[in-house]
Amino acid sequence: DEAYVGFLWLPQALLRLVVTKDAGLRIEDVQRDELSALGRWVDRVRSKHSKFGDWSELNNAEQTRLLLGDVVDQARTLLISPHGPLTGLPFHILPQNTVLREGGPPAISIVPSAGVLVRSRSRPQRTHDRLYMGVACDGDDQIPGVDREVLHVANRYFGAPAAGEVFLSARSRRVFTAQGSANVLHLACHMGRGGILLRRGLSWTTAVDLSQLKLKAEILVCTGCSAGRLTPELSNEFMGVVRQLMVVTGASTTVLSLDP
């Protein structure tokens, strides 16, 4: 019940590459007369959110259906690779209340490309020496709740400290001396295109610095500001620090916050 949907937004066409287990690969296109209206809708969504954090333009089931096609009726999970103006569009909150079926609308996940998906799926299963490792850093004294967040997740869902380990703001830098692996590596701190704030005093850890990390993880969770945003160019690449974390830790799955 899973489908991969890759988009290719061309100057005069929008192509959907849909892959399902039963039907294999099929290529669908949006009609040219419909593409202009769809493009204007996408522009309004991106413009409103970038200025005001307003997603009201998303409440358009007709445009959602035009964008995703009939695959929303056929799969319980959609793995979407955006392209061009669709990069950064919050597919996971698009209205799909018109889909009347048992189980409700599909779950939606974003992947940078089909190649990344294949690579992550082909990795062998690993065993880990801890269930959870949480790292919190209130580097500029503006997000005091991150310590409580990490402790809450560790204790509520993983039974820490027995099954996990946490590094709070006062010793967050020690994550670079930690070794071993975790099922879930959770980073709660400031993130930006220039790096990640893992120490007090506004000293940013860059993507290059992250190569020193010795930890491995199956699932990477980043609840830093806008960690789930993609680069502003018309590409589908995650910003450098998230991409580097995925490479260094070997994470096969990432859970990223879209907004602060």
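Since we're looking at a predicted model, the values are computed, not measured.
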Student: Go through I27 and R16 one step at a time and tell me if the side-chain contact (heavy atoms from CB on, under 4.5 Å) criterion holds.
Tutor: CA-CA 6 Å; I27 300 176; R16 271 192 309 265; over 6 Å; no
Student: Any pair with a residue in residues 175-191 that passes salt bridge (Lys or Arg N to Asp or Glu O under 4.0 Å), sequence neighbours left out, goes on the list, sorted by first then second residue, please.
Tutor: none
Student: Quick one: pull up CZ in R199 and CZ in R174 and give me the separation to the nearest 0.5 Å.
Tutor: 14.0 Å
Student: Under 4.5 Å between side-chain heavy atoms, hopping through other hydrophobics if needed: is there a path connecting V184 to V150?
Tutor: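 As far as the 4.5 Å side-chain criterion goes, V150 and V184 are connected within one cluster.
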Student: When rounded to the nearest 0.5 angstrom, what is the spacing between CD1 in I108 and OG1 in T77?
Tutor: 9.5 Å
Student: Do the side-chain N and O atoms of E149 and T223 include a donor-acceptor pair separated by under 3.5 angstrom?
Tutor: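 A pair is found: one side chain offers a donor N or O, the other an acceptor, under 3.5 Å apart.
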Student: Is there a side-chain contact between L215 and Q179 (heavy atoms, below 4.5 Å)?
Tutor: no
Student: Rounded to the nearest 0.5 Å, what's the gap from SG on C137 to CD1 on I143? Could you check?
Tutor: 7.5 Å
Student: Heavy-atom distance under 4.5 Å between the side chains of F176 and K214, does that happen here?
Tutor: no
Student: Please say yes or no: joined through hydrophobic side-chain contacts below 4.5 Å, possibly via intermediate residues, are F167 and V146 part of one cluster?
Tutor: no
Student: I need the minimum non-hydrogen distance between I110 and P82, along with the two atoms involved.
Tutor: CG2-CD, 3.8 Å
Student: How would you list, by chain and number, every residue that makes a side chain to side chain contact (heavy atoms under 4.5 Å, CB included) with A182, sequence neighbours excluded?
Tutor: R130, M133
Student: Using side-chain contact (heavy atoms from CB on, under 4.5 Å) as the criterion, point out the one residue from M191, R173, Q212 that pairs with T205.
Tutor: R173
Student: Report yes if the side chains of V5 and S81 come closer than 4.5 Å at any heavy-atom pair, otherwise no.
Tutor: no
Student: Taking only residues two or more places apart in sequence, or in another chain, which ones meet D70 in a salt bridge (charged side-chain N to carboxylate O under 4.0 Å, His left out)?
Tutor: R65
Student: With sequence neighbours left out, what residues match Q142 under side chain to side chain contact (heavy atoms under 4.5 Å, CB included)?
Tutor: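 By the side chain to side chain contact (heavy atoms under 4.5 Å, CB included) rule, Q142 matches D140, H190.
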Student: Tell me, with the steps shown, if E218 and T253 meet side-chain hydrogen bond (donor to acceptor under 3.5 Å, both in side chains).
Tutor: CA-CA 7 Å; E218 192 68 30; T253 302; 5.9 Å; no
Student: Of all residues at least two apart in sequence or in a different chain, which pass the side chain to side chain contact (heavy atoms under 4.5 Å, CB included) check with V19?
Tutor: Y4, L25
Student: Output the distance between atom OG (S36) and atom CH2 (W41), rounded to the nearest 0.5 Å.
Tutor: 14.5 Å
Student: Ignoring hydrogens, what is the shortest heavy-atom contact between D147 and S169? Give both atom names and the distance.
Tutor: OD1-OG, 2.9 Å
Student: Would you say D209's side chain and T206's backbone share a donor-acceptor pair under 3.5 angstrom?
Tutor: yes
Student: Are more than 12 heavy atoms from other residues, nucleotides or ligands located less than 6.0 Å from atom CD of E62?
Tutor: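 For E62, atom CD is not crowded (no more than 12 foreign heavy atoms under 6.0 Å).
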Student: Taking side chain as C-beta onward, heavy atoms only, is V166 less than 4.5 Å from L151?
Tutor: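 Of all side-chain heavy-atom pairs linking L151 with V166, at least one is under 4.5 Å.
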Student: Rounded to the nearest 0.5 Å, what separation is found between the CD atom of E28 and the CG atom of L17?
Tutor: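 One gets 9.0 Å once the value is rounded to the nearest 0.5 Å.
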Student: Identify, with sequence neighbours excluded, every residue that meets side chain to side chain contact (heavy atoms under 4.5 Å, CB included) alongside A23.
Tutor: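 A23 satisfies side chain to side chain contact (heavy atoms under 4.5 Å, CB included) with T20, R26 once adjacent residues are dropped.
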Student: Find out whether T249 and L185 are in side-chain contact, i.e. whether some heavy atom of one side chain is under 4.5 Å from a heavy atom of the other.
Tutor: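 A side-chain contact exists here, since the closest heavy-atom pair is under 4.5 Å.
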Student: Return the NZ to CG distance between K216 and N183, rounded to the nearest 0.5 Å.
Tutor: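 K216 atom NZ to N183 atom CG measures 15.0 Å (nearest 0.5 Å).
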Student: Hey, mind stepping through L14 and L86 against side-chain contact (heavy atoms from CB on, under 4.5 Å) and telling me if it holds?
Tutor: CA-CA 10 Å; L14 173 62; L86 299 178; 4.2 Å; yes
Student: With the side chain counted from C-beta on, respond yes when L8 and L10 share a heavy-atom pair under 4.5 Å apart, and no when they do not.
Tutor: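 A side-chain contact under 4.5 Å exists here.
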Student: Could you walk me through whether L245 and V247 pass side-chain contact (heavy atoms from CB on, under 4.5 Å), step by step?
Tutor: CA-CA 5 Å; L245 281 167; V247 172; over 6 Å; no
Student: Is the shortest heavy-atom distance from the side chain of T254 to the side chain of C222 under 4.5 Å?
Tutor: no
Student: Identify which one of L67, V71, L68 satisfies the side-chain contact (heavy atoms from CB on, under 4.5 Å) criterion when paired with I80.
Tutor: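 Output: one option passes, namely L68.
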Student: Could you pull out the closest heavy-atom pair between C189 and L198, with the gap in Å?
Tutor: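 C189 and L198 have their closest heavy atoms at SG-CD2, 4.0 Å.
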Student: Nearest heavy-atom pair of A136 and S172: which atoms, and what distance?
Tutor: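 That would be O-CB, 3.2 Å.
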Student: Compare every heavy atom of F7 with every heavy atom of H83, then report the nearest pair and how far apart it is.
Tutor: CB-O, 3.1 Å
Student: Check the pair W9 / V30 against side-chain contact (heavy atoms from CB on, under 4.5 Å), numbers first and verdict last.
Tutor: CA-CA 10 Å; W9 191 293; V30 175; over 6 Å; no
